[in-house]
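As structure tokens, the structure follows; a few thoughts come after it.
Here the structure is a predicted model, which is why all the values come from computation and not from measurement. Note: hydrogens, waters and symmetry copies are ignored here, and every other heavy atom, side chains too, is used.
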Amino acid sequence: MTLATPILHTARLRLRPFTGADADALFALHSNTYVMRYWDSAPWTERARAERFVAACRKMADEGTGARVAIDRVSDGAFIGWCSLTRWNPDYRSASLGYCLDEAMWGHGFMTEAAHALLRWAFGTLDLNRVQAETDTRNVASARVLEKIGFVREGTLREDCIVNGEVSDSWVFGLIRREWQPSAVPIPAC
């Protein structure tokens, strides 16, 4: 089964399938130690990782297990990050939300806007019932993004990951279809 990766638009963003042309910007994003400080994997040190990531995005869509989209800013077409639905299970009508955003874009509401657009597609087109997300408990900015779009913190996975040699906990968030508010997310002035 193929899960067609969507092209979605918001007032300030375009979400689209990854292409090979994204490898340099993707490498820059994932090699940034500050951006990656709460991830469960080390920052990338070789550009080939970006090419494998793009190939994995296509494979995920082809296998019907998820969709990962690049996020471009409409004003200048710049790649600013990505957003994904992975572990898509059509039997349970569930998936997991993930995202990564360039540090210069933090605090402007871009990830809230992008994630909201992807969730609109998830609940509308894919007819999902539940979307789950996890974040390192130290990453309060990510937790705020999830709460802004309606996620509820459901629990803590204790000592779930080892991040940069440190044992860390993760918060689990869930969003149920009946609690989803598809109304427009306010767009902050930049």
Side-chain angles (χ1 to χ4, degrees), residues 1-10 12-88 95-119 121-122 126 131-136 138-139 141-143 145-146 149 160-166 168 170 173 190:
M1 168 193 279
T2 297
L3 180 65
T5 303
I7 297 176
L8 306 168
H9 297 271
T10 71
R12 301 182 302 160
L13 304 173
R14 178 175 179 245
L15 286 67
R16 58 162 178 82
F18 275 95
T19 69
D22 295 313
D24 288 335
L26 190 57
F27 177 68
L29 176 67
H30 278 266
S31 63
N32 181 320
T33 55
Y34 190 67
V35 169
M36 302 302 291
R37 71 191 183 282
Y38 298 127
W39 283 72
D40 57 358
S41 61
W44 295 351
T45 57
E46 54 188 54
R47 187 182 176 283
R49 288 285 304 268
E51 293 166 1
R52 290 194 303 268
F53 183 95
V54 172
C57 292
R58 183 172 311 278
K59 182 178 179 188
M60 185 187 322
D62 289 346
E63 291 176 348
T65 59
R68 188 175 289 131
V69 292
I71 304 169
D72 294 334
R73 194 171 44 205
V74 170
S75 63
D76 59 4
F79 170 87
I80 64 169
W82 58 265
C83 196
S84 68
L85 285 173
T86 59
R87 296 184 283 207
W88 179 56
S96 293
L97 176 72
Y99 46 80
C100 188
L101 189 67
D102 183 275
E103 133 183 47
M105 302 297 111
W106 295 352
H108 299 286
F110 289 123
M111 191 46 68
T112 301
E113 189 175 331
H116 193 272
L118 195 60
L119 288 169
W121 176 71
L126 298 181
V131 177
Q132 182 169 306
E134 295 173 13
T135 187
D136 188 298
R138 299 168 295 178
N139 193 347
S142 183
V145 167
L146 294 169
I149 54 179
D160 179 46
C161 294
I162 298 178
V163 178
N164 297 318
E166 263 182 68
S168 82
S170 296
F173 288 82
C190 289

Applying side-chain contact (heavy atoms from CB on, under 4.5 Å), run through Met111 and Ile71 and close with a yes or a no.
CA-CA 9 Å; Met111 191 46 68; Ile71 304 169; 3.7 Å; yes

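- Here the side chains of Leu26 and Trp44 are in contact, with some heavy-atom distance below 4.5 Å.
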Take Val54 and Thr19 through the side-chain contact (heavy atoms from CB on, under 4.5 Å) test and state the conclusion after the steps.
CA-CA 7 Å; Val54 172; Thr19 69; 5.9 Å; no

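- Taken to the nearest 0.5 Å, the CG atom of Leu119 stands 7.0 Å off from the NE2 atom of His116.
- In the model, Ser142 has a side-chain atom that pairs as donor or acceptor with a side-chain atom of Tyr99 under 3.5 Å.
- Nearest heavy-atom pair, Arg16 versus Phe79, reported as atom, atom and distance to 0.1 Å: NH2-CD1, 4.4 Å.
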Apply side-chain hydrogen bond (donor to acceptor under 3.5 Å, both in side chains) to residues Glu134 and Ser170 and explain how you reach the verdict.
CA-CA 6 Å; Glu134 295 173 13; Ser170 296; 4.9 Å; no

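- Taking each heavy atom of Asp40 and Cys161 in turn, the nearest pair found is CB-SG, 3.8 Å.
- Looking at Glu46 and Arg52, a side-chain N of the basic residue comes within less than 4.0 Å of a carboxylate O on the acidic one, giving a salt bridge.
- Across Leu101 and Trp106, no two heavy atoms sit closer than the pair O-NE1, 2.9 Å.
- If you take CG on Leu29 and CZ on Phe27, they are separated by 11.0 Å, rounding to the nearest 0.5 Å.
- Classification of the His30-Trp82 ring pair by plane angle, with boundaries at 30° and 60°, yields parallel.
- No side-chain heavy atom of Arg12 sits under 4.5 Å from any side-chain heavy atom of Val74.
- Between Cys100 atom SG and Met36 atom CE the span is 5.5 Å, to the nearest 0.5 Å.
- For the pair Phe18 and Ala70, the tightest heavy-atom approach, listed with the atom from each and the gap, is CE1-N, 3.6 Å.
- You'll find the side chain of Met105 reaches within 4.5 Å of the side chain of Arg73, heavy atoms only.
- Between His9 and Ile7, the shortest heavy-atom distance links the atoms NE2-CG2, 3.7 Å.
- Among all heavy-atom pairs drawn from Val69 and Pro6, the shortest one is CG1-O, 3.7 Å.
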side-chain contact (heavy atoms from CB on, under 4.5 Å) between Asp102 and Val35: does it pass, once the steps are laid out?
CA-CA 7 Å; Asp102 183 275; Val35 169; over 6 Å; no

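- Atoms CG and CD, on Leu146 and Gln132 in that order, are 11.0 Å from each other to the nearest 0.5 Å.
- Heavy atoms of other residues, nucleotides or ligands lying less than 6.0 angstrom from CZ of Arg47 number more than 12.
- Here the straight-line distance linking atom CD of Glu113 with atom CG of Leu13 works out to 4.0 Å at 0.5 Å rounding.
- Atom CG of Leu97 sits about 10.5 Å away from atom CZ of Arg87, to the nearest 0.5 Å.
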Between Leu118 and Trp121, does a side-chain contact (heavy atoms from CB on, under 4.5 Å) hold up when you go through it step by step?
CA-CA 5 Å; Leu118 195 60; Trp121 176 71; 3.8 Å; yes

